[in-house]
Amino acid sequence: MNAAPPLKAFLLGGATATGKTELCHRLARNQPGASILSADSMLVYRGMDIGTAKPSPRQLAEIPYGGINLVDPDQPFSAGLWLQHAKTFASQARGPLFVTGGTGLYLRALTEGFNRPVPDEAVRARVRSLWNEGGIDAIRSHLPQSVVSLLDDPGNPRRLMRALEVVLSGGDERAFLGGRVAVRRGRFPVLSRPREVLHRRIRLRAEGMFSGGLLEEVRALRRRYPVWSETAGSAIGYAEAVAFLEGRLGLSEAVDRVAARTRQLARRQETWLRHQADAVWLEWGDESPEEMAQRVQEVWEQDGPVALA
RNA sequence: GGCGAGGUAGCUCAGUUGGUAGAGCAGCGGACUGAAAAUCCGCGUGUCGUCGGUUCGAUCCCGACCCUUGCCA
């Protein structure tokens, strides 16, 4: 284990609905022994297939996939759990390892690792109850000013709570220093689409989910798991499907909402990749899949695989 | 056809007792090291339906016309 060579992988980034899953699969299929690790925070949920645009059963049977179907929708999940799984999966790779996904935090974790205290359940519960009782002010009042001043967005409850967790776990200002730790271990190709094209694809995907059985999937899932975890329950498509099934949203409103949230997600993902990663942007316009695969391959050959933490 | 209501940002609407206008949503940009499909921050010029009149000045008042909508025929 300690003699293992440093792990490396070929990354392919891109916002949702750009077509990266399909393209990565196509590229990996030609490589003997290849496996694919998904870096996507929603593909980890078992049974949530249609709304998350998971690789098809056929694709899953063709190539070993990691990062998919790790927990049930009623279970909590975290980037830490994903990383743990990812490391195991990567170490078991027998051939080239490919990583594709749009969850920036996961990509960063994979290439940079984490260097802050691991969240402790008791500490987390304490912070949560502070938040429930006193809101953001309660959280802020328990944080040293020196830590608050290092945060980019001191009005963000989620990040304030995490900061408090770090502090209560023994971390100090130093844990928040160092500025950006970008995914700089290597350049990697990032797929994009012209905005109008992406929006059209997202629209079609949203409509396709509902006509493709999303409601049935959700109905069955709810029968089996009456209460979902916060993360699974807020997944795009699933939150809206539940709202529709409970009569809180009309069908066309639900479809619109899914499309809008997906567009917003894609924009945030592109922002992340633009500024937090060392991306080689490949815009996919009229090119055929073969042509795009070729261009991705060229970037991989030129820059080599990215080292994992 | 008659009477009424309305035509303002991509959408739904607010507003200006006459000094050229603002919210929500959408969109765009940004932050982001363990909930990340989350969370948070920033960005609002648009022939104020058309044409004419009154006025120093009209999106606002007056007139005509066009369109939408409700009720009555």
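Hydrogens, waters and symmetry mates play no part in the numbers below; they use all other heavy atoms, side chains included. Being a predicted model, the structure only gives us computed values, none of them experimental. Naming convention: chains lettered A, B, ... in sequence-line order (proteins, then strands); numbering from 1 in each chain.
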Requested in this report: Check if the side chain of A:Arg128 and the base of B:A35 share a donor-acceptor pair of N or O atoms closer than 3.5 Å.
Outcome: yes

Query raised in the report: CZ of A:Arg124 versus C1' of B:G34: gap in Å, rounded?
Result: 7 Å

Query raised in the report: Hey, does A:Glu165 reach any base, or is it just sugar-phosphate, or nothing, if we go heavy atoms under 4.0 Å?
Result: nothing

Under 3.5 Å, which donor-acceptor pairs do the side chains of residues 250-260 of chain A form with other protein atoms, sequence neighbours left out?
from, atom 1, to, atom 2, distance (Å)
A:Asp256, OD1, A:Arg203, NH1, 3.0
A:Asp256, OD1, A:Arg203, NH2, 3.2

Requested in this report: For nucleotides B:U54 and B:C61, find the distance between their C1' atoms and express it as a whole number of Å.
Outcome: 8 Å

Requested in this report: For B:G57 and B:G1, measure between their P atoms and round to the nearest Å.
Outcome: 37 Å

**Report entry** Side-chain donor-acceptor pair present, A:Gln294, A:Glu298, cut-off under 3.5 Å
**Finding:** yes

Query raised in the report: Does A:Arg274 put a side-chain nitrogen or oxygen below 4.0 Å from OP1 or OP2 of B:G30?
Result: yes

Requested in this report: Would you kindly say whether A:Ser169 and A:Arg116 are connected by a side-chain donor-acceptor distance under 3.5 Å?
Outcome: no

**Report entry** Separation between the P atoms of B:U45 and B:G34, rounded to whole Å
**Finding:** 38 Å

Query raised in the report: Which part of the nucleic acid, if any, lies within reach of A:Asp153 when heavy atoms closer than 4.0 Å are counted: base, sugar-phosphate only, or nothing?
Result: base

Report task. Measure the spacing between CG of A:Asp49 and CG of A:Leu60 and express it to the nearest 0.5 Å. Result -> 8.5 Å

Query raised in the report: Think A:Arg159 has a side-chain N or O under 4.0 angstrom from the OP1 or OP2 of B:C40?
Result: no

**Report entry** Under 4.0 angstrom between A:His199 side-chain N/O and B:C28 OP1 or OP2
**Finding:** yes

Query raised in the report: How are the rings of A:Tyr106 and A:Trp82 set to each other: parallel, tilted or perpendicular (split at 30° and 60°)?
Result: parallel

Requested in this report: Starting from the 5' end of RNA chain B, give me the residue, A:Pro154 or A:Met42, whose nearest nucleotide shows up first.
Outcome: A:Met42

Query raised in the report: If only side-chain N and O atoms of A:Arg257 are considered, is one of them under 4.0 Å from the OP1 or OP2 phosphate oxygen of B:A26?
Result: yes

Report task. Fit a plane to each ring of A:Phe77 and A:Tyr45, take the angle between them on a 0 to 90° scale, and name the class: parallel (under 30°), tilted (30 to 60°) or perpendicular (over 60°). Result -> perpendicular

Query raised in the report: When you check the phosphate oxygens OP1 and OP2 of B:A35, does a side-chain N or O of A:Ser78 lie under 4.0 Å from one of them?
Result: no

Query raised in the report: How far does the P atom of B:G15 sit from the matching atom of B:G49, given to the nearest Å?
Result: 15 Å

Query raised in the report: What nucleic acid atoms does A:Arg267 come within less than 4.0 Å of, heavy atoms only: base, sugar-phosphate, or nothing?
Result: base

Query raised in the report: Using atom C1' of each nucleotide, how far apart are B:A5 and B:G10 to the nearest Å?
Result: 25 Å

Query - Atom pair distance, as rounded to whole Å: CD in A:Gln75 and P in B:A35 - result: 16 Å

Report summary line: A:Arg108 CZ to B:G34 C1', in whole Å, measures 12 Å

Query raised in the report: On a whole-Å scale, what distance lies between the C1' atoms belonging to B:A26 and B:A9?
Result: 11 Å

Query raised in the report: Looking for any heavy atom pair under 4.0 Å, which part of the strands does A:Pro119 touch: base, sugar-phosphate only, or nothing?
Result: base

Query raised in the report: How about A:Thr100 and A:Leu11: do any of their side-chain heavy atoms sit closer than 4.5 Å?
Result: no

Query raised in the report: Would you say a side-chain N or O of A:Arg268 is under 4.0 Å from OP1 or OP2 of B:A36?
Result: no

Report task. Determine the contact category for A:Tyr106: base if any of its heavy atoms lies under 4.0 Å from a base atom, sugar-phosphate if only primed atoms, P, OP1 or OP2 are that close, otherwise nothing. Result -> sugar-phosphate

Query - Closest listed nucleotide, where the reference is the side chain of A:Arg195 and the choices are B:U33, B:G27, B:C28 - result: B:C28

Report summary line: Of A:Glu270 and A:Met161, the one whose nearest nucleotide on RNA chain B sits closer to the 5' end is A:Glu270

**Report entry** Side-chain ion pair, A:Glu240 and A:Arg261, N-O less than 4.0 Å
**Finding:** yes

Query raised in the report: Is the side chain of A:Gln59 donor-acceptor paired with the backbone N or O of A:Ser56 at a distance under 3.5 Å, no angle test?
Result: yes

Query - Gap in Å between the two C1' atoms, one belonging to B:G19 and one to B:G24, rounded - result: 28 Å

Query raised in the report: With a 4.0 Å cut-off on heavy atoms, is A:Arg261 in touch with a base, just the backbone sugar-phosphate, or nothing at all?
Result: sugar-phosphate

Report task. Using atom CG of A:Leu105 as one end and atom P of B:A31 as the other, report the distance to the nearest whole Å. Result -> 15 Å

Query raised in the report: Is the count of non-hydrogen atoms from other residues, nucleotides or ligands lying under 6.0 Å from A:Glu246 atom CD greater than 12?
Result: yes

Requested in this report: Determine the contact category for A:Ser229: base if any of its heavy atoms lies under 4.0 Å from a base atom, sugar-phosphate if only primed atoms, P, OP1 or OP2 are that close, otherwise nothing.
Outcome: nothing

Requested in this report: Pick base, sugar-phosphate or nothing for A:Asp40, based on heavy-atom distances below 4.0 Å to the nucleic acid.
Outcome: base

Query raised in the report: When rounded to the nearest Å, what value does the distance between C1' atoms of B:G44 and B:U17 take?
Result: 26 Å

Query raised in the report: So what does A:Gly51 touch, heavy atoms closer than 4.0 Å: a base, only the sugar-phosphate, or nothing?
Result: base

Query raised in the report: Atom CG of A:Leu83 and atom P of B:G34: how far apart are they, to the nearest Å?
Result: 12 Å

Query raised in the report: Separation of A:Leu150 atom CG from B:C32 atom C1', in whole Å?
Result: 15 Å

Report task. For A:Glu121 and B:G34, give me the distance from atom CD to atom C1', rounded to whole Å. Result -> 11 Å

Query - Distance test, side-chain N/O of A:His275 to OP1/OP2 of B:A31, below 4.0 Å - result: yes

Query raised in the report: A:Arg263 has an atom CZ; how far is it from atom C1' of B:A26, in whole Å?
Result: 7 Å

Report summary line: Per-residue pairing states of RNA chain B in dot-bracket (Watson-Crick or G-U under 3.5 Å; . unpaired, | other strand) read (((((((..((((.....[..)))).(((((.......))))).....(((((..]....)))))))))))).

